[in-house]
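Here it is, the structure, as structure tokens.
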Amino acid sequence: MNRIDDELLAEQRRVDYIVGQIQARINKIQREAGAIKEHVVEIRKEFWDDVTVNLDHPDEVSETFASLKQQAEVLSERERSHQHSHQQLNKLNRLTDSPYFGRIDFKEAGDAPSEQVYIGITSFLDDSGEQFLIYDWRAPISGLYYDYPPGPAAYVIPNGETICGTIGMKRQFIIRNGRIQYLFDTGLTIGDELLQQVLGRNSNAQMKSIVSTIQKEQNQIIRNEHSRLLIVQGAAGSGKTSAALQRVAYLLYRYRNTLRAEQIVLFSPNPMFNSYVSTVLPELGEENMTQTTFQYYLEHRLNKEFEIEDPFSQMEYVLTSPEKPGFDARLSGIRFKSSNTYLELIHRFRQSLEQSGMVFKDLKFRGKVLVSAGRMTAQFYTAYEGIPLGKRVALLSEWLLKELSELEKQQRHEAWVEEEIELLDLEDYQRAFISITKKQKTKKVSFDDFMQQKHLLAGFLVRERFKPLRKKIARLRFIDIPSVYAQLFDNGSRIPEWLGSGELPEHWREICEQTLNALRQKQLFYEDAAPYLFLKELIEGFQTNLSIRHVFIDEAQDYSPFQFEFLKRLFPSSKMTVLGDLNQAIFVHAADGSGIQKLLGLFGSEHAETIRLTRSYRSTRQIVEFTRGMLEDQEPIVPFNREGEKPEVIRIDDPSALPRRIAGKIGQLRRQAFGTIAVICKTAAESKEAYEALKMIDHIHLVTKGTMDFEKGVLVIPSYLAKGVEFDAVIIYDGSKRQYGRENERKLFYTACTRAMHALCIFSAGDLSPFITGADSDTYVLEDEGIFSNSRE
């Protein structure tokens, strides 16, 4: 038996020992948890038997309350103990299959002995609670495994002290069902052998944890604690999102006494993506953070006022309507309304509102105007002249409430009040009596006197009917924000004055007509939603969330300057981690990348750090080399050395033959045991058409913008919804020049193709897209219709 066999045997003995210790701990906790559960059930059954209830005398009420509180606290403490035991069991059960994945032998400087540090997804101590048998991958000492080769190394402990020493050995394991399948000794990075094993596996319906294969540059992202703004610019498949999720897990571990999962929010590109990443944190024993989309927030804030277009409807319009009237104006409007120029214009417009331009709505009651918009305007610009806009709005609100109080008194003598008093039923009468009694407090209330009764009831009724008006004033609903915003597009607009040094976009008059038409129909284009809400809050005051400590934004290249400034104001005290790839900036409203530049300006360069990830791990080397050739600027994207077949490009002359050809390709890919196969179409319309043609295939699903769950099988999906996820194999439904021929579709095509992990096949109904022919012909295999027919039939 050679040295390697001896070491493998020794390591397996340790695994066996550790698994035995873990199982013993599981058995112990299960017994304890069982006893706690029985106690909880017993407490619940006998809760009232152990509580002294006596409400006959006021001095004994407090004793009853104390008894109830004491018994509830005992129950709550036992339930918390049971929940903690359940969480421990979940972590330990994960360790029995694969207790750890790495080992380093580290010797601190000085006379300290060398320590064997085994690293897994969670910590495990011996029975004494003093010796670590397994270190959590997030522990300070575990950072050595990701950052250093054998030789001099150092790590920082929480109090800021640096521990220096030497790594004598660095070893990686793949352990399944308690058995070592692979063992490697390696240098600086997590070795290619381990990555080959992990990356070579098929995709799943959820993203998986990458803690066993974290690379040095990803570890910098995960453990970054000093930057208020961390920008991760990474190539497709470089592990941006995976590293970000491990970062969340690290932060929850590092600040476990002060940070909770609900204090972290992730803005993701679509609801399906939330499902795709939902298992990563629970797999690491952590609760999921809050997950949302920017569109959901817009709808939450504005849905009562408008029907809001979503970014995918905007994208669908851009991709399908180039020949329609008004298209060029809409495209020009999208670019302008998403720009820094328009953002600065909104700021100047808001300043101008201090002199003129505020629009108010009449305060009406029972069809009559109580306070006219004209009176409000006069009060706003005359009585409060020289006062800042926000303070002026607050003062006007106070004035309106005082006016309402006076009008309330006048209304008590109106005929409608007497009519309603006569129509009061017994239930309403009792409710009025209770309300009046509470309001009068120390005053003696008698309903024996008819005139007093009538006076009190009149006051009660008017107050009740005026409540909606008071709410309207408190919520600043007397300001007509749609009309204020519409002034930007009126014929008499002072846009040139507010533009400063900027220029009006092409087709400006048509842009104005389109915008005003939408506003009149209570609709907001997507490109108007963030500016509208931003202006609304500049006038009314920004809503802020101070409880959120960390904000994560995925697909950040799709955010405009407006959206970033809005999020910075919404979460003023948060650190922000943004992840993006400018090569996948497929939305017109963010195509120029100005959003990221705006964000840098908001935080300041001294508080920001940018990390670039250039190595792609998702796809085989052949797929990366092919897709890299599509980019206008040949980016330094380095493929991980995982071999596969070259992408196939299949050109056919008859578009009606596409479904049959693609169904055959799906069958071929399924025989290769690929679990997730995506048929990526350019648009939702093409996806629906493709699905109808292919729906006879088993386990095929149509993905729409409303799809909530990511499923295994064959997915027919629009290109822009495939962002952020990956598939074993990708079929481009139609990669022809007709579909992907415009320059503004280059990044869309690149994004679609880079979803493939192991296999990529592009069908083309007619001439090939120039993004294919522009790539090196050695990077793909081309089959035309004749060759395809002869070889496949």
Check for me whether the distance between the ring centres of Phe542 and Phe534 falls short of 6.0 Å.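 Between Phe542 and Phe534, the centre distance is under 6.0 Å.
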Using side-chain contact (heavy atoms from CB on, under 4.5 Å), reason through Arg301 and Gln543 one step at a time and then give a plain yes or no. CA-CA 10 Å; Arg301 293 295 311 279; Gln543 295 191 14; 3.4 Å; yes
Less than 4.5 Å apart, any side-chain heavy atom of Leu353 and any of Ile539?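 Yes - at least one pair of side-chain heavy atoms lies under 4.5 Å apart.
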Which salt bridge (Lys or Arg N to Asp or Glu O under 4.0 Å) pairs, counting each pair once, include a residue from residues 346-362, with sequence neighbours left out?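 Pairs touching residues 346-362 that pass the test: Arg350-Glu354.
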Can you tell me if NZ on Lys472 sees more than 12 non-hydrogen neighbours from other groups inside 6.0 Å?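 Yes, enclosed.
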Please name the pair of heavy atoms, one in Thr258 and one in Arg549, separated by the smallest distance, quoted to 0.1 Å.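 Nearest pair, atom of Thr258 first, then Arg549: O-NH1, 3.1 Å.
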Relative to each other, are the rings of Phe294 and Tyr297 parallel, tilted or perpendicular (30° and 60° limits)?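 If you compare the ring of Phe294 with that of Tyr297, the planes turn out tilted.
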Do you know the tightest heavy-atom contact between Pro531 and Tyr342?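 Looks like CB-CE2, 3.6 Å.
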Working for side chain to side chain donor-acceptor pair (under 3.5 Å), residues Ser313 and Lys705: CA-CA 9 Å; Ser313 297; Lys705 64 183 181 182; 2.8 Å; yes
Selection residues 370-384 - residue pairs positive for salt bridge (Lys or Arg N to Asp or Glu O under 4.0 Å), sequence neighbours left out: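 Passing the test, one end in residues 370-384: Arg375-Glu403.
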Within the side chain of Thr707, is there an N or O that forms a donor-acceptor pair under 3.5 Å with the backbone of Met272?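 Side chain of Thr707 to backbone of Met272: no pair is present.
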Would you check if Pro271 and Tyr296 make a side-chain contact, meaning some heavy-atom pair closer than 4.5 Å?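 Heavy-atom side-chain distance check fails, nothing below 4.5 Å.
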Gln355 CD: over 12 foreign heavy atoms closer than 6.0 Å: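 Yes, because the 6.0 Å sphere around CD of Gln355 holds more than 12 heavy atoms from other groups.
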Using residues 593-608 as the side-chain source, report each donor-acceptor pair under 3.5 Å to any protein atom, sequence neighbours left out, with the distance given to one decimal.
unit_1: Ser594; atom_1: OG; unit_2: Asp592; atom_2: OD1; d: 2.9
unit_1: Ser594; atom_1: OG; unit_2: Asp592; atom_2: OD2; d: 3.3
unit_1: Lys598; atom_1: NZ; unit_2: Glu565; atom_2: OE1; d: 3.3

Intermediate values then yes/no, side-chain contact (heavy atoms from CB on, under 4.5 Å), Gln487 and Ser352: CA-CA 12 Å; Gln487 289 179 101; Ser352 77; over 6 Å; no
With no hydrogens and no angle check, just 3.5 Å: does a side-chain donor-acceptor pair link Glu225 and Tyr255?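 A pair is found: one side chain offers a donor N or O, the other an acceptor, under 3.5 Å apart.
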Any pair counted as ring-ring contact (aromatic ring centres under 6.0 Å, His included), so long as it reaches residues 379-406, sequence neighbours left out: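 Of all non-adjacent pairs touching residues 379-406, those that pass ring-ring contact (aromatic ring centres under 6.0 Å, His included) are Phe360-Phe380.
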Side-chain donor or acceptor of Ser397 paired with backbone N/O of Val393 under 3.5 Å: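 A pair under 3.5 Å: no.
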Of all heavy-atom pairs between Ala261 and Leu252, which one has the smallest distance, and what is that distance?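 Minimum heavy-atom separation between Ala261 and Leu252: N-CD2, 3.6 Å.
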Taking side chain as C-beta onward, heavy atoms only, is Leu370 less than 4.5 Å from Leu469?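 Touching, per the 4.5 Å side-chain cut-off.
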Taking the side chain as every heavy atom from C-beta outward, state whether Gln233 and Asp581 have any pair of such atoms under 4.5 Å apart.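 In contact.
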What closest approach, in Å, do Ala529 and Leu302 show between heavy atoms, and which atom pair accounts for it?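 Nearest pair, atom of Ala529 first, then Leu302: O-CD1, 4.0 Å.
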How long is the gap from NE2 on His347 to CG on Leu343, to the nearest 0.5 Å?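 One finds 4.5 Å between NE2 of His347 and CG of Leu343.
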Any donor-acceptor pair under 3.5 Å from Thr754 side chain to Ala236 backbone: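 Pair absent, no side-chain N/O of Thr754 close to backbone of Ala236.
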So among Trp508, Phe525, Phe349, which one has a ring pair (Phe, Tyr, Trp, His ring centres under 6.0 Å) with Phe489?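 Considering Trp508, Phe525, Phe349, a ring pair (Phe, Tyr, Trp, His ring centres under 6.0 Å) with Phe489 is found only for Trp508.
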In the structure I gave you, are the side-chain heavy atoms of Thr293 and Ser268 within less than 4.5 Å of one another anywhere?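 Touching, per the 4.5 Å side-chain cut-off.
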Calculate, to the nearest 0.5 Å, the distance between atoms NZ and CD1 belonging to Lys747 and Ile586 respectively.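 The CD1 atom of Ile586 is 10.5 Å from NZ of Lys747, to the nearest 0.5 Å.
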What side-chain donor-acceptor pairs closer than 3.5 Å can you find for residues 320-327, not counting sequence neighbours?
unit_1: Thr320; atom_1: OG1; unit_2: Glu316; atom_2: O; d: 2.6
unit_1: Ser321; atom_1: OG; unit_2: Tyr317; atom_2: O; d: 3.1

At what distance, to the nearest 0.5 angstrom, does CG of Leu229 lie from OG1 of Thr577?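 If I round to the nearest 0.5 Å, the distance is 8.0 Å.
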Using atom types as modelled and distance alone, determine if a side-chain donor or acceptor of Ser242 lies under 3.5 Å from a backbone N or O of Gly239.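 No, Ser242 side chain to Gly239 backbone: no donor-acceptor pair under 3.5 Å.
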Under 3.5 Å: donor-acceptor pair, side chain of Lys240, backbone of Ala235: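 Yes; at least one donor-acceptor contact below 3.5 Å.
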Side chains of Tyr750 and Glu632: any donor to acceptor distance under 3.5 Å?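 No, because no side-chain N or O of Glu632 sits under 3.5 Å from a partner of the opposite role on Tyr750.
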Close side-chain approach of His589 and Gln563, heavy atoms under 4.5 Å: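 Contact flag for His589/Gln563 side chains = yes.
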Asn224 backbone acceptor or donor facing Arg247 side chain under 3.5 Å: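 At least one qualifying donor-acceptor pair exists.
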State, without any angle test, whether Gln739 and Glu686 hold a side-chain donor-acceptor pair at a distance under 3.5 Å.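 Side-chain D/A pair, Gln739 to Glu686: present.
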More than 12 heavy atoms of other residues, nucleotides or ligands under 6.0 Å from CD of Glu743: yes or no?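 Yes - once you tally the heavy atoms of other residues, nucleotides and ligands closer than 6.0 Å, there are more than 12.
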Value rounded to 0.5 Å, distance of NZ in Lys304 from CD in Glu299: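 Going from the NZ atom of Lys304 to the CD atom of Glu299 covers 14.0 Å.
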Is the backbone N or O of Phe710 less than 3.5 Å from a side-chain atom of Ser275, with the two atoms forming a donor-acceptor pair by type?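 Such a contact is found between Ser275 side chain and Phe710 backbone.
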Testing Thr704, Asn270, Thr683 for side-chain contact (heavy atoms from CB on, under 4.5 Å) with Phe312, which one passes?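 For Phe312, the side-chain contact (heavy atoms from CB on, under 4.5 Å) check succeeds only for Asn270.
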Strictly distance-based, threshold 3.5 Å: is any side-chain N or O of Thr377 a donor or acceptor partner for the main-chain N or O of Ala373?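 Side chain of Thr377 to backbone of Ala373, a donor-acceptor pair under 3.5 Å: yes, one is there.
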Would Arg615 and Glu217 satisfy salt bridge (Lys or Arg N to Asp or Glu O under 4.0 Å), going step by step from the backbone distance to the final call? CA-CA 10 Å; Arg615 200 176 192 200; Glu217 64 272 19; over 6 Å; no
Backbone N/O of Glu506 and side chain of Ser332: donor-acceptor pair under 3.5 Å: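 Side chain of Ser332 to backbone of Glu506, a donor-acceptor pair under 3.5 Å: yes, one is there.
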Arg330 pairs by side chain to side chain donor-acceptor pair (under 3.5 Å) with which of Gln514, His507, Glu527?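 Answer after filtering Gln514, His507, Glu527: Glu527.
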Roughly how far, to the nearest 0.5 Å, is OG of Ser769 from CE of Met630?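 Between atom CE of Met630 and atom OG of Ser769 there are 7.5 Å.
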Side-chain contact test, heavy atoms from C-beta onward, threshold under 4.5 Å: evaluate it for Tyr526 versus Gln295 and give yes or no.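 In contact.
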Are side-chain heavy atoms of Phe566 and Glu537 found at a separation under 4.5 Å?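 In contact.
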Enumerate the residue pairs fulfilling salt bridge (Lys or Arg N to Asp or Glu O under 4.0 Å) with a member in residues 514-525, sequence neighbours excluded, ordered by first and then second residue.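 The answer is none; no pair qualifies.
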Enter the distance from Thr515:OG1 to Lys337:NZ here, rounded to the nearest 0.5 Å.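 Those atoms lie 2.5 Å apart.
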What heavy-atom pair brings Tyr532 and Glu305 nearest, and what distance separates the two atoms?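 Scanning both residues completely, I find the closest heavy atoms to be OH-OE1, 2.9 Å.
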Under 3.5 Å donor-acceptor, Glu510 side chain and Ala329 backbone: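 No, the answer is negative, given that no donor and acceptor are paired below the 3.5 Å cut-off.
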Whether the Gln557 and Gln584 side chains hold a donor-acceptor pair (N or O, under 3.5 Å, no angle test) is what I'd like checked.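 Absent: no donor and acceptor within the cut-off.
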For the residue pair Val359 and Val484, what are the closest heavy atoms and their distance?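 For Val359 and Val484, the tightest heavy-atom pair comes out as N-CG2, 3.7 Å.
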